[in-house]
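Notes follow the structure.
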Amino acid sequence: MPETAGKNDEIVIVENLKKYFPIKGGLFGRNQGDVKAVDGVSFRIKRGTTMGLVGESGCGKTTVGRTLLRLTDKTEGTVLFDGQDVHALGREELRKLRPRMQIIFQDPYSSLSPRLPVGEIIGEAVREHHIVPEAEYEAHLDRIMASCGLMPYHKDRYPHEFSGGQRQRICIARALALNPEFVVCDEPVSALDVSIQAQIINLLKDLQQEFGLTYLFISHDLSVVEHISDTIGVMYLGNLVEFGTKRRVFERPLHPYTVALFSAIPTPDPDVRMNRVILEGSIPSPANPPKGCKFHTRCNRCMERCKTEAPRQREVEPGHFVTCHLYNP
Amino acid sequence: MKRKAKNEGYISARESHRISRENRRVTSAMERARERRNVPPQEYASQMKNPDSIVEFDDLHTYFFTDIGTVKAVDGVSFSIPRGKTVGVVGESGCGKSVTSLSLMQLVQRPQGQIVSGAIRFDSEDGVVDIAKMPTEAMRRIRGKQISMVFQEPMTSLNPVFRIGMQVDEVIALHNHALSAEAVKQRTVEMLEMVGIANSQGVYRMYPHELSGGMRQRVMIAMALALSPRLIIADEPTTALDVTIQAQILDLLRHLKDQINSSIMLITHDLGVIAEMADYVVVMYSGRVVEKGTVHDVFKNPSHPYTIGLLNSKPALNREVSRLYSIPGKVPNPINMPDYCYFRDRCEMKTDQCICQYPPEYWISDTHTVNCYRYAPAGREDEPHA
């Protein structure tokens, strides 16, 4: 295992992470192949920054988030969290690590237990992990709820009494009550209205400053990702096709998929008529991905080479990685 | 034993029972009127105010009679959809945009949901009719054939136990009794091809679960367009889809609209989609229209504070801001609506005049209206005073 913590700058280091889900079938439930949900992803996240992960549904972005936290086991590769290999830890050590990395789920309607009052939802793990001494428990809860825009009297209410935006605040409070360092936000605003989205995004940004959090922000809404992220990774069918700082990726998208993805976003301005690159067809099945570059079936700049040979990730300019033959001499 | 402080939404069982009985009395009278048979067409015939419109909503009120009170989901909505144009309706969830469209289709959940007053004039194939007064029997001939709807959730709006072909066939056969089974199938396959499904013969025999979200939405569109309706209602047609698929579907809708020469009522909360698709925009808030105009009027000169807030709260690409604007407060409780402007409590531009009753419609230009006292013509005496 590599050197342990200290003051290392990169809180999360992911190297060649793979996650395959086996397809069981046939008479004896034999393995008939794999769904390659994540197929070799590498990136690093600096402490105190936000990495945005974008891509179409089914491209494996949620699986990346879950495997990062070891909510599912990896197939291959390593995940270092603050110098520790998350997937090599034993039960007790992993339990100690859990409060330091948290997740906010996509759907605030299904991720809260309908039978627990809000105070219990937020506080259960606090007691379990002995985050604060028992005497300070109530005060801690009040403080976290206040910073998430909830009132102390909300503690006795049940989730069904809250609107979507408030439920998402509860989810955020639940994650933050454990004083985490790293939070995976898995589409935290996709289920919300535009005006509520703005509130939640502002809240996430404020909390990041207040507590010095590091986020992995998973979303398919590029405008939201652009707003909140420092670095951006674009995923397609289990691969990270482009990765770099926000400025570089948005100002000069290099991968043909990123270009198409960016041009597909409707702009709230009737005068802007973009020359849109419309992608034909839909995303291929990850159980049986195309040979060579996985994007070649929909790519408008496909070359002969793309059909046979998978491209490798390459640093085109400092801090800007692309996986495409166009930029591979 | 005293309970803890009752919250404001609390009503006693006795009160609830009384409301429930009263509701039943009101709604069953309306139901009886609606379920009559052989109603003479003169009863629901009407006249268009503007012959260029395909649909005119005139002071529509659709209420839901619930056991805790009457929810005024649509409370005085008026706008029209010009022939061959796309009208976008925007607003947050719960603002009544879907209920407006469901009223037009007479698909509001009955018996609780009822069109209480107002008119929906529709220029049908056999003359102008008022859908608000139409009995169910007559409505069946319009629904699906002259007005059709593309629903929000392509994952749930197809029946999982029937093949795609059968579901599209049904729509066509129902309104064309004379067609043979062969001809119906041929038409279905044609429609599937028209919406860009390459393997149309194969898809005809598939079940919905075998298709992706984008493909299912195409099937929904094929079904909606199968009878070349005069008006297509698209209720959040792309909300459940990815951006790349969304671009494909919007492109398809725009293209097909011109091909069969119909109008679209596009309901969405995505301002980007509206800017791209619509010719006219209607902004709704808490069951009322707060601003309407051409797409340029509304996006270039947003006038109602709510529209301004909505436009500012959306992060736009290439527009760097350190903090997003968010509209303070929340939507008022639909059961106890205030008697002043519904947006006043959240408004950052409110003036002294805003304590008066709900603001009337003010014309800013020939095409642009807004319900806000900030645009009241100065020095006029007919302004209501508190």
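Reminder, nothing fancy here: chain letters follow the sequence lines and each chain counts from 1. Quantities reported herein were computed from a predicted structural model and do not represent experimental measurements.
Minimum interatomic distance between Arg323(B) and Asp206(A) (heavy atoms only, all atoms of both residues): NH1-OD1, 2.8 Å. Across every non-hydrogen atom of Gln248(B) and Arg298(A), the tightest pair is NE2-NH2, 4.4 Å.
Identified by a heavy-atom distance below 4.5 Å to chain A, the contributing residues of residues 288-302 of chain B are Val295(B), His296(B), Phe299(B), Lys300(B), in residue-number order.
For the pairing with Ser326(B), the side-chain contact (heavy atoms from CB on, under 4.5 Å) check across Ile201(A), Asn202(A), Leu203(A), Ile200(A) returns one residue only, Asn202(A).
By the side-chain hydrogen bond (donor to acceptor under 3.5 Å, both in side chains) test, Glu210(B) pairs with no residue at all, sequence neighbours left out. Checked against side-chain contact (heavy atoms from CB on, under 4.5 Å), Ser16(B) has the following partners two or more places apart in sequence or in another chain: Ile11(B), Asp67(B). Applying the salt bridge (charged side-chain N to carboxylate O under 4.0 Å, His left out) test to Arg216(B) and every residue at least two apart in sequence or in another chain returns nothing.
Proximity to chain A (any heavy atom under 4.5 Å) is shown, for Ile274(B), by neither the backbone nor the side chain.
Taking OH of Tyr236(A) as the reference point, atom OG1 of Thr244(B) lies at 8.5 Å (rounded to 0.5 Å). Taking CD1 of Ile196(A) as the start and OG of Ser93(B) as the end, the distance is 8.0 Å to the nearest 0.5 Å. Note: Lys205(A) NZ to Leu324(B) CG = 7.5 Å, rounded to the nearest 0.5 Å. To the nearest 0.5 angstrom, Lys314(B) atom NZ is 11.5 Å from His227(A) atom NE2.
Note on Glu92(B), Met215(B), Gln246(B): by heavy-atom pairs under 4.5 Å with chain A, the leading option is Glu92(B).
Remark: Asp366(B) CG is loosely packed, at most 12 non-hydrogen atoms of other residues, nucleotides or ligands lying under 6.0 Å away.
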